Structure formats: C-alpha cells, structure tokens
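One structure is given here, and the rest of the page talks about it.
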Amino acid sequence: VLPGVVDLMLGLQEGQRGDWRQCLIELRPHPAGIPIHLISAGRNDGSYAQRAANVRWKELRSSGALAEYVRELREQWTSQYDYVLVDGRS
C-alpha cells in the first residue's frame with residue numbers, strides 16, 4: 001500500500017520531507033499511451049481517517065513549512081511533467 005499526501009504531511013510535521021516519488025501510482029488509460037502518475041490522499045489501510053485527523057494543518061501553515069514544501073514540490077513536478085493537476089478538496 002503506497003503512501004500519499006496525508007503521509008507526506010505527517011512526515012513534514014515531524015521535520016521530514018518525504019520523497020513524493022515513493023507515492024506515485026502509475027495509470028495507463030491507453031495501453032500504448034503515456035502513463036499518468038497519481039498521488040493518492042493516503043494509504044487506504046484502515047488507519048487513514050485517524051492519520052488524516054492527526055495532520056496539524058494550522059501548525060504547518062503558520063510555521064511556513066507547508067508553503068515551503070509546496071514550492072519545492074511545484075518546482076520538482078514542473079521540471080518532470082508537462083501538466084500537474086491538484087485536487088484541493090479535503
């Protein structure tokens with residue numbers, strides 16, 4: 001079961017920047033086409049809801065850690081992909 005956004009945020013809370021590449025799920029909507037890479041919300045292993053509830057979003061935002069991490073991710077993603085879509089629902 002692959003980690004996802006919640007797992008990356010929990011790591012960030014602990015001062016660790018997780019490797020988003022470890023979260024990639026490869027989808028091939030057309031067998032001969034280019035794959036689509038997806039990062040899920042998080043591991044769907046029965047503890048997702050508790051892990052999601054443990055993310056201290058206000059603390060991450062107020063410390064500036066979240067903004068800095070998102071800037072780093074944006075730079076890495078735009079250097080590797082032509083298109084990046086982000087679903088911001090929570």
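By convention here, the first residue in the shown sequence is residue 1. Keep in mind that this is a model prediction, so the values were computed, not measured.
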With rounding to the nearest 0.5 angstrom, report the OG to NZ distance, S63 to K58.
14.0 Å
Heavy-atom count around I34 CD1 within 6.0 Å, excluding the residue itself: above 12?
no
Side-chain heavy atoms of L8 within contact of P3, under 4.5 Å:
no
Test of understanding: clusters of I, L, V, M, F, W, Y form through side-chain heavy atoms closer than 4.5 Å, transitively. Do V86 and L38 belong to the same one?
no
Counting only N and O atoms by type, is there a donor-acceptor contact under 3.5 Å from the side chain of R51 to the main-chain atoms of R43?
yes
How about CG on N54, more than 12 heavy atoms from neighbouring residues, nucleotides or ligands closer than 6.0 Å, or not?
yes
Working note: Q80 + E75, criterion side-chain contact (heavy atoms from CB on, under 4.5 Å); need CA distance, chi angles, decisive distance, verdict.
CA-CA 9 Å; Q80 295 209 356; E75 289 174 13; over 6 Å; no
I'd like to know if E59 and R61 make a salt bridge, using a cut-off of under 4.0 Å between side-chain N and carboxylate O.
no
same_hphob_cluster(L12, V70) at 4.5 Å side-chain heavy-atom cutoff
yes
Do L2 and I36 sit in the same hydrophobic cluster, where Ile, Leu, Val, Met, Phe, Trp and Tyr count as joined when their side-chain heavy atoms come under 4.5 Å apart?
yes
Assigning hydrophobic clusters by single linkage (Ile, Leu, Val, Met, Phe, Trp, Tyr; side-chain heavy-atom cutoff under 4.5 Å), is L73 placed with I25?
no
Can you name the closest pair of heavy atoms from Y69 and G18 and give their distance?
OH-O, 3.1 Å
V55 side chain reached by Q13 side chain, heavy atoms, under 4.5 Å:
yes
Pairwise side-chain contact, V5 with S40, heavy-atom cut-off 4.5 Å (strictly under):
no
Check the pair C23 / I39 against side-chain contact (heavy atoms from CB on, under 4.5 Å), numbers first and verdict last.
CA-CA 6 Å; C23 303; I39 298 177; 3.8 Å; yes
Heavy atoms only: give me the nearest G33-R28 pair and the separation to one decimal.
O-NH1, 2.9 Å
side-chain contact (heavy atoms from CB on, under 4.5 Å) for M9 and L66? Distances and angles first, verdict last.
CA-CA 8 Å; M9 295 303 110; L66 182 59; 3.5 Å; yes
Quick check for you: to the nearest 0.5 Å, what is the distance between L85 atom CG and W77 atom CH2?
11.0 Å
